Amino acid sequence: MSATVPAPTPSRADRRQWLALVVVCLAQLMNVLDSTIVNVALPKIQHDLHFTQSNLAWVLDAYLISFGSFLLLAGRLGDLVGRKKVFLTGVVIFTAASAVCGIAESQAVLIVARFIQGFGGALCSSVVLAIITTEFRHPADRAKAMSSYILVIVSGGSLGLIAGGVITQLLNWHWNFYINVPIGIAAFVLGWRLIEENEGIGLRQGVDVLGAFLVTAGVMVGVYAIVTSPQYGWGSLHTLGLLGVALVTLAAFFALESRIENPMVPLRILRIRTLIGSSVVRGFLITGMFASFFLGALYLQRVRDYTALETGLAFLPMTAVTATMSRGLTSRLTARLGELRMVLGGLALIAISMVLMAFADATTPYAPLLLIAYITLGVGAGGAMAPLLTMALADVPSQDAGLGSGIVNVSLQLAAALGVAVLGTIATERTKSVLAGGHTAVNAALVDGYRLAFAAGGVAVVVGIVIAAAILRRPRAAEPAVALEREPA
């Protein structure tokens, strides 16, 4: 008769790993919350600081442009000088800028502080995935950690709507920024104690200053063109001209990187199929998700007259489902079905949720149609996002993990900005077309626009399914290595 072996007590190192995960997820939650908690406060900000409608967009755009532009540079800095240093620096900058946003009494101060806040957010967000990847070496633990990260990404938006509605109603819009200060201080103190520093490549071989400038400028111009396209039009000289400048600048960057000895972005990383392929697939997934989230919020508020608080509560089932899956269900399913099947299944569920939303009209009750759509979206996002992130960084060398993390985040941010701009334009143009055709009911015209945009988001997700099936299949030769990695040390 064999003796029963007691379960091993978690080591101090194991506890530190999971506490470090809480810290980086706390900082990431702060960044994600900021994107929607500020949206709720925009009318009050406009009234108090006397913004015009066009200038008010800069409260959001200044952050988005800065955040998206510095992700690659920040990720590479983590590889060079240490990811813990870059993460903590970002937390400090983001927290300080949040405080300045809170005390802002003029348009200029708020917009500049939002730009700096975006820079700080890029610094800490760019290295989070690299920290998770290097902290959690065992595939099962890494899958659980990635699921927790996905929970933050998916749930932060709806929690931001709820928090923003409550804070703006009970206090004032300044506290939508002040709330970041205690979170940031806690993230810095705990991060200083719990996160282990990686040994950076160092700056001895020099820094690719010109490359850093070109890639940051190219991405910044591109993001600016995308976020302002609804205002100027996609076919305008403004949008097309700026996109052309961005493409020329990025082409010059890649030409430079191919010739110098110590490039900021070694071109070898762009040949990692799982990194680039998963980033493309994630872009189509995010396009669909943002269609459901942002356009869904507009539909609930403009057509159904939901308050911001009610809108946030409407998305809570999605958050609850994602939270349930993050408690080990996704990692267990991934171990049984494989990463690719999980990605394809999750994308299919997201596409189904888009189809369900495309059937909603001005009188559709929340249950069962929208409730089922949001639950399906939560299951799909919880099932697909974590395997996509794991696949993205699985083959990236450890010395390039920060850059790989930056590429993942850039793909996410560009897809989000592009998805909101393109699908928002589709909804707006469809509404205008219906009204111009003699339709007198504004609500009905808005519904037509949102339904077409939801359908377009579903098509984008289907394209992601096709790409995933075509290029994310791992070669059989890699399987023994994965199996060995799963063996306990």
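As the structure is a computational prediction, the values presented were derived from the model and not from experiment. Both backbone and side-chain heavy atoms feed into the values below; hydrogens, waters and symmetry mates do not.
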Donor-acceptor under 3.5 Å (Asp400 side chain, Pro397 main chain):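 No.
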Under 3.5 Å: donor-acceptor pair, side chain of Thr322, backbone of Met318: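 Indeed, once roles are kept as given, a pair shorter than 3.5 Å links the two residues.
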CA sep, side-chain torsions, deciding dist, call: Ile132, Tyr149, side-chain contact (heavy atoms from CB on, under 4.5 Å): CA-CA 9 Å; Ile132 293 174; Tyr149 174 80; 4.0 Å; yes
Taking the six-membered ring for Trp, are [X] and [Y] parallel (under 30°), tilted (30 to 60°) or perpendicular (over 60°)?
{"X": "Tyr63", "Y": "Phe67", "value": "parallel"}
{"X": "Trp175", "Y": "Tyr178", "value": "perpendicular"}
{"X": "Phe115", "Y": "Phe70", "value": "perpendicular"}
{"X": "Tyr232", "Y": "His238", "value": "parallel"}

Leu250/Val219 under side-chain contact (heavy atoms from CB on, under 4.5 Å): CA gap, chis, key distance, verdict: CA-CA 8 Å; Leu250 291 174; Val219 175; 4.3 Å; yes
Audit row: Leu285, Val281, side-chain contact (heavy atoms from CB on, under 4.5 Å) steps and yes/no: CA-CA 6 Å; Leu285 182 156; Val281 172; 5.5 Å; no
Derivation and outcome, side-chain contact (heavy atoms from CB on, under 4.5 Å), residues Met146 and Thr133: CA-CA 9 Å; Met146 288 295 186; Thr133 301; 3.8 Å; yes
Salt bridge (Lys or Arg N to Asp or Glu O under 4.0 Å) against Glu257, all qualifying residues, sequence neighbours excluded: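 Not a single residue meets the salt bridge (Lys or Arg N to Asp or Glu O under 4.0 Å) criterion with Glu257.
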Listed partners of Lys85 passing salt bridge (Lys or Arg N to Asp or Glu O under 4.0 Å), at least two apart: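 Salt bridge (Lys or Arg N to Asp or Glu O under 4.0 Å) list for Lys85, sorted by chain: Glu197.
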Set of residues satisfying ring pair (Phe, Tyr, Trp, His ring centres under 6.0 Å) with respect to Phe136, sequence neighbours excluded: Trp18
Rounded distance (nearest 0.5 Å) linking atom OG of Ser331 with atom CZ of Arg142: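 Interatomic distance, Ser331 OG to Arg142 CZ, rounded to 0.5 Å: 13.5 Å.
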